Amino acid sequence: MSKFPVPDDSCEYFDQEHETMTREQIEALQVERLRDTIKRCQKNPVYKKRLAEADITPESIQTVADVRKLPFTTKQDLRENYPFGLACVPLRDCVRLHSSSGTTGNPTVILHTQNDLDEWANQVARNLWMIGLRPSDVFQNSSGYGMFTGGLGFQYGAERLGMLTVPAAAGNSLRQIKFMKDFGTTAVHAVPSYVTRLYEVMQETGVDPRKDLKLKALAIGAEPHSEAQRQRIEQMLGVKAYNSFGMSEMCGPGVGFECKEQNGLHFWEDYYIVEIVNPDTLEPVPDGEIGELVLTSICREAMPLLRYRTRDLTRVLGRTCACGRNHIRLDRMKGRSDDMMVLRGVNIFPIQIEKILMNFKELASNYLITLTTDDDNDNMTVEVELEELFTDDYGRLQELKREVTRQLKDEILLTPIVKLVPKGTLPVSEGKAVRVVDKRKVYQ
Ligand code: AMP
Ligand code: ZN
């Protein structure tokens, strides 16, 4: 038997005490935990110096808003102090490290104590319980294992909940589908682009997910995706797909998750203080307005981060919910400020393109945006795969291309070059999808 108790199946909440706290209770806990976190940070030389410069002691925190007195932490800080320079405990107290999926410069490393791992598993279990999963479920984790936190993070969380857990990892789609059938998989976690790939392989091999599988729910996340993409996935597999937000700097998956209401991601405020700031002025933006997500981890021992600038763009939707949880609700990520493309002076996010493409039932889910410089002009080419059974009638294809181009132009205010390509021709990633390739000339 697990030494971590699990509630009765009929209970709506995995951790009722924390999930159903009132706003006052949440804020009181945040003040207490932030003070403890500052105490821990004072043990690290980098933080100690910064906190002293800003004249901060644990007593400086009287209300949650006092978090704004703290200095920000950035990815650059993590890189500069690579690998262990921001540790707040001796290395002998750490039991694992993970690294972030950044592609440039030093990777970033995040350390965990055993207690950090236990709390992380509790967070993930809380989320999976929230979407209706129970110990009798069979959970297949089709996300990469290893340094990427989506593997072990979901693994330990699903085990904490008590499910039979299948560490399938990503790739080898035929085997994945066989596992789903043979083991009676009821829930799958994967990045959204990989779920659509799995569905394609099901179609190719004559597997009908509604008849041949026992799926109850999907957890999709780790990469930005549109509401339209989610709905597509739900229609493909015939079950609800819940958005899961995570980042290795905060632990990994489990930071924010949709409840059954599907009206935004509950970010767990007993673990994090959530701020949305204007990325230029760094001042808070009003609820409802899009800004950069800033998170302070207040429940971590090895490497708490103070006011970490995530670069993710989102907005506050509310602080109450029909599900009974009063943890802040954030909108699905609009993208990352560093994903933003600036083409001929116009700011464009890949998700804007995706949203339009998903409107067309003739188009499949895989697409690629390529930016090039041709004759000193910067151009965008959008390649998108066609649904297999759509037509080879040239006239209809041209008509479709014109309509896609027109709608894209309305959305991004520039006319992209649209290419409709046969299904299966664009690269498929088993991890986070690569949606943009920038081949532009850079003028100094
Ligand atoms: P990593 O630390 O490598 O797992 O990457 C974390 C980043 O992945 C976040 O900062 C987001 O940019 C992105 N991400 C994770 N989950 C989601 C999600 N559900 N929706 C949009 N972006 C996500
Ligand atoms: Zn809710």
Side-chain angles (χ1 to χ4, degrees), residues 12-14 19-21 74-75 78 97-104 107-110 120 124 126-127 129-132 143-154 189-195 218-227 229-230 233 241-269 272 292-295 297 303 305 308-315 317-340 349-351 354 429 431-435:
E12 281 294 309
Y13 309 100
F14 184 74
E19 286 175 62
T20 60
M21 283 189 298
T74 62
K75 191 139 200 147
L78 292 176
L97 64 76
H98 274 282
S99 112
S100 164
S101 58
T103 47
T104 49
T108 53
V109 161
I110 302 295
W120 180 14
V124 174
R126 178 191 289 190
N127 293 322
W129 192 280
M130 177 167 77
I131 62 169
S143 98
Y145 276 67
M147 292 301 237
F148 175 54
T149 51
L152 292 178
F154 269 98
H189 164 250
V191 294
S193 47
Y194 190 58
V195 177
L218 303 172
I220 54 170
E223 65 186 12
H225 54 288
S226 56
E227 177 59 32
Q229 166 88 315
R230 179 250 285 283
I233 288 175
Y242 296 95
N243 189 358
S244 153
F245 177 91
M247 66 190 322
S248 30
E249 293 91 326
M250 292 297 128
C251 64
V255 178
F257 219 93
E258 272 179 337
C259 67
K260 286 188 177 169
E261 303 293 322
Q262 292 189 313
N263 56 359
L265 297 142
H266 281 290
F267 270 62
W268 299 115
E269 293 180 276
Y272 308 101
E292 180 178 337
L293 173 66
V294 171
L295 294 173
S297 40
M303 250 180 99
L305 294 176
Y308 184 65
R309 290 190 58 185
T310 66
R311 304 278 167 193
D312 290 306
L313 300 169
T314 182
R315 62 191 175 129
L317 294 179
R319 287 184 181 76
T320 53
C321 183
C323 74
R325 297 172 182 87
N326 300 314
H327 293 259
I328 197 165
R329 280 184 296 113
L330 302 185
D331 204 355
R332 65 176 56 251
M333 302 297 135
K334 186 177 146 85
R336 295 177 54 82
S337 55
D338 37 15
D339 274 356
M340 190 177 77
F349 288 96
I351 212 83
E354 176 177 306
S429 151
K432 301 185 187 220
V434 178
R435 298 298 195 192

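In this chain, residues are counted from 1 in sequence order. We use all heavy atoms of the structure for the numbers below, so side chains are in, but hydrogens, waters and symmetry mates are not. Both ligands and their constituent atoms are indexed starting at 1 by order of listing. Just so we're clear, the structure is a prediction, and the values are computed from it rather than from any experiment.
- Screening residues 251-267 for salt bridge (charged side-chain N to carboxylate O under 4.0 Å, His left out) gives Arg230-Glu258 as the qualifying pairs, with residues at least two apart or on separate chains.
- Not a single N or O atom of Thr310, backbone or side chain, sits closer than 3.5 Å to an N or O atom of ligand 1.
- In the vicinity of Gly221, heavy-atom distances shorter than 4.0 Å reach the ligand 1 atoms 19 (N).
- Between Glu249 and Lys75, the closest heavy-atom pair is OE2-NZ, 3.1 Å.
- The two residues Ile233 and Leu218 make their nearest non-hydrogen contact at CG2-CD1, 3.6 Å.
- For Glu12, the CD atom is loosely surrounded, since the number of other residues' heavy atoms within 6.0 Å does not exceed 12.
- Close approach of ligand 1 to Glu223 is summarised as follows: ligand atoms under 4.0 Å from at least one heavy atom of the residue are 14 (N), 16 (N), 17 (C), 18 (C), 20 (N), 21 (C), 22 (N), 23 (C).
- Taking 4.5 Å as the limit, every side-chain heavy atom of Arg435 sits out of range of all side-chain heavy atoms of Asp339.
- At a heavy-atom cutoff of 4.0 Å, ligand 1 is contacted by the side chain of Glu249 but not by its backbone.
- Summarising the geometry of Asn326 relative to Met21, their closest heavy-atom pair is ND2-O, 3.0 Å, with the distance given to 0.1 Å.
- Residue Lys432 has at least one N or O atom closer than 3.5 Å to an N or O atom of ligand 1.
- When only interatomic distances are considered, the shortest N/O to N/O separation between Ala222 and ligand 1 falls below 3.5 Å.
- A heavy-atom distance below 4.5 Å is not found between the side chains of Phe245 and Leu330.
- Both the backbone and the side chain of Met247 come within contact range of ligand 1, each with a heavy atom under 4.0 Å.
- A distance-only check finds no donor-acceptor pair linking the side chain of Tyr242 to the backbone of Met130 [under 3.5 Å].
- Every atom of ligand 1 with a heavy atom of Asn243 under 4.0 Å away is listed here by number and element: 18 (C), 19 (N).
- Each of Arg309, Arg315, Lys334 was compared with Glu292 under the salt bridge (charged side-chain N to carboxylate O under 4.0 Å, His left out) criterion, and only Arg309 meets it.
- Listed here is the closest heavy atom pair of Trp120 and Gly252: CZ2-CA, 3.8 Å.
- In this structure, of Gly252, Gly431, Pro224, the residue bringing a heavy atom nearest to atom 22 (N) of ligand 1 is Pro224.
- Distances from the Zn ion (ligand 2) under 2.8 Å pick out these protein N/O/S atoms: Cys259 SG, His266 NE2, Cys321 SG, Cys323 SG.
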